[in-house]
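A quick write-up on the structure given underneath.
Both ligands and their constituent atoms are indexed starting at 1 by order of listing. In what follows, every heavy atom counts, from backbone to side chain, and hydrogens, waters and symmetry copies are set aside. Keep in mind that this is a model prediction, so the values were computed, not measured.
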Amino acid sequence: MTEPRKINIAHPDIGPAEREAVLEVMSTGGLAQGPRVAELEDKFAAYIGTKHAVAVNSGTAALHAALLAYGVGPGDEVITSSFSFIASGNSVLYTGARPVFVDVAADFNIDAGLVEAAITEKTKAIMPVHLFGQPCDMAPIMALAAKYDLAVVEDTCQSHGSEYKGQKTGSFGTGCFSFYPTKNMTTGEGGMITTDNDAVADAARLLRAHGMKVRYYHDTLGYNYRMTDLGAAIGLCQLAKLDSYNARRGANAASLSAGLAGITGLETPEIGPDRTHVFHQYTVRVTPEFIVTRDSLVEQLAERGIGSGVYYPVPIHMQKVYKDLGYDVSLPATEQAAAEVLSLPVHPRVDTDDVARIVEAIKEISNG
Ligand SMILES: *Cc1c(COP(=O)(O)O)cnc(C)c1O
């Protein structure tokens with residue numbers, strides 16, 4: 001008997017168009033930031049619906065540069081979610097400011113109802129993380145930002161193309177995207193800052209190139225956060241396919257939720273009102289009522305050739321690096337989410353047979 005094909009939790013879709021685009025850049029010899037980066041910036045800004053897009057070399061760099069562009073620094077506080085990839089917190093630490101973590105709601109995103117109580121004299125910005133591809137509840141967040149005069153730096157590293165009340169994430173405040181290979185679109189490594197704010201865009205462009213406006217004259221401290229034309233060439237091909245990728249993710253998610261409905265102790269993801277979900281991850285909760293533990297389910301799926309992932313097993317405030325910085329808060333919903341979440345393959349290369357296999361495997365395991 002032949003082993004069934006392994007279904008991976010992520011699988012970047014790199015085809016002939018990407019290969020050809022990279023070879024074309026290589027033949028020009030212009031490998032670093034150049035015309036392909038400029039073209040990707042123009043097309044990405046048009047896609048998100050912002051005046052500016054500034055390409056950088058990672059999502060982390062995008063977050064760091066965006067925070068600096070708003071003047072966030074030592075003594076400041078930035079309100080964000082602890083149930084995220086470590087970069088959401090670390091990018092704040094890089095500036096010398098302190099991330100203040102607010103608990104999440106049932107949808108895994110920051111609980112907008114808890115944000116106001118966390119605002120202090122030191123608060124400079126709110127960083128909503130649109131986790132797994134679902135927008136945060138942006139209306140109350142934007143209202144608080146206006147009321148307290150706070151910057152909004154959106155962590156859009158998982159939400160390329162998702163919308164809240166018909167508006168794309170990354171266009172409410174300043175968006176910070178990642179193009180890491182597992183994300184909804186890729187440039188290899190890469191990132192993008194999207195904004196309508198001219199001053200923030202100008203500052204971000206300086207920060208990405210060692211504070212240099214005139215060649216070899218440096219007025220401010222900057223970094224090397226430039227994207228390569230090789231990466232941008234891949235990104236242009238990927239951006240053209242982003243909506244169809246997201247549609248496939250959505251269709252896979254709908255099929256998974258239909259197939260997994262009614263299993264005791266397994267909660268499928270819900271899409272909140274007024275928003276679209278681009279399913280960077282399809283994430284279920286494996287509660288104590290499920291027949292086996294979450295971690296045992298991971299193992300039993302792996303035995304059946306089905307990859308899965310726990311995003312994230314340890315919330316940021318409980319990571320050793322944050323404990324060592326003196327973080328000692330209790331975030332019950334965040335900690336419960338970390339204990340219960342399991343992400344199943346949903347990416348565009350997952351087909352209907354794969355979805356059926358995933359559903360059958362979980363049903364079989366749940367029947368003992
Ligand atoms: C991927 C990711 C980042 C960081 O992006 P990189 O390109 O890996 O630096 C930040 N925040 C979230 C939520 C992410 O998923």
Query raised in the report: For ligand 1, does Ala87 get within less than 4.0 Å through its side chain, its backbone, both, or neither, judged by non-hydrogen atoms?
Result: side chain
Report task. Specify side chain, backbone, both or neither for Thr60, according to which of its non-hydrogen atoms lie closer than 4.0 Å to ligand 1. Result ->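 The part of Thr60 near ligand 1 is both the backbone and the side chain.
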To the nearest 0.5 Å, tell me how far [X] [atom1] sits from [Y] [atom2].
X	Y	atom1	atom2	answer
Leu344	Asn252	CG	CG	11.5 Å
Tyr223	Leu207	OH	CG	7.0 Å
Asn184	Ser159	CG	OG	8.0 Å

Query raised in the report: Taking atom types as modelled, is there a side-chain donor on Glu154 or His130 under 3.5 Å from an acceptor on the other?
Result: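 Note: Glu154 and His130 side chains meet the donor-acceptor criterion.
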Query - Polar contact flag, side-chain donor to acceptor under 3.5 angstrom, Ser82-His317 - result: yes
Counting non-hydrogen protein atoms only, what is the nearest one to [atom]? Give residue, atom name and distance.
atom	result
atom 14 (C) of ligand 1	Lys183 NZ, 3.0 Å
atom 8 (O) of ligand 1	Ser178 OG, 4.0 Å
atom 10 (C) of ligand 1	Cys157 SG, 3.4 Å
atom 11 (N) of ligand 1	Asp155 OD2, 2.8 Å

Under 4.0 Å from any heavy atom of [X], which atoms of ligand 1 are there?
X	value
Ser84	13 (C)
Ser58	7 (O), 9 (O)
Gly59	5 (O), 6 (P), 7 (O), 9 (O)

Query raised in the report: Any N or O of Gln158 that comes nearer than 3.5 Å to an N or O of ligand 1?
Result: yes
Query raised in the report: Hey, is NZ on Lys6 packed in by over 12 heavy atoms from elsewhere, all under 6.0 Å?
Result: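 For Lys6, atom NZ is crowded (more than 12 foreign heavy atoms under 6.0 Å).
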Query raised in the report: Does CG in Asp324 sit with more than 12 non-hydrogen atoms of other residues, nucleotides or ligands closer than 6.0 Å?
Result: yes
Query raised in the report: Does at least one non-hydrogen atom of Gly191 fall below 4.0 angstrom from an atom of ligand 1?
Result: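 Gly191: no contact with ligand 1 (<4.0 Å).
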Query raised in the report: Quick check: does any side chain N or O of Arg208 sit under 3.5 Å from a backbone N or O of Val56, one acting as donor and the other as acceptor?
Result: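 Checking the backbone N and O of Val56 against the side chain of Arg208, no donor-acceptor pair under 3.5 Å is found.
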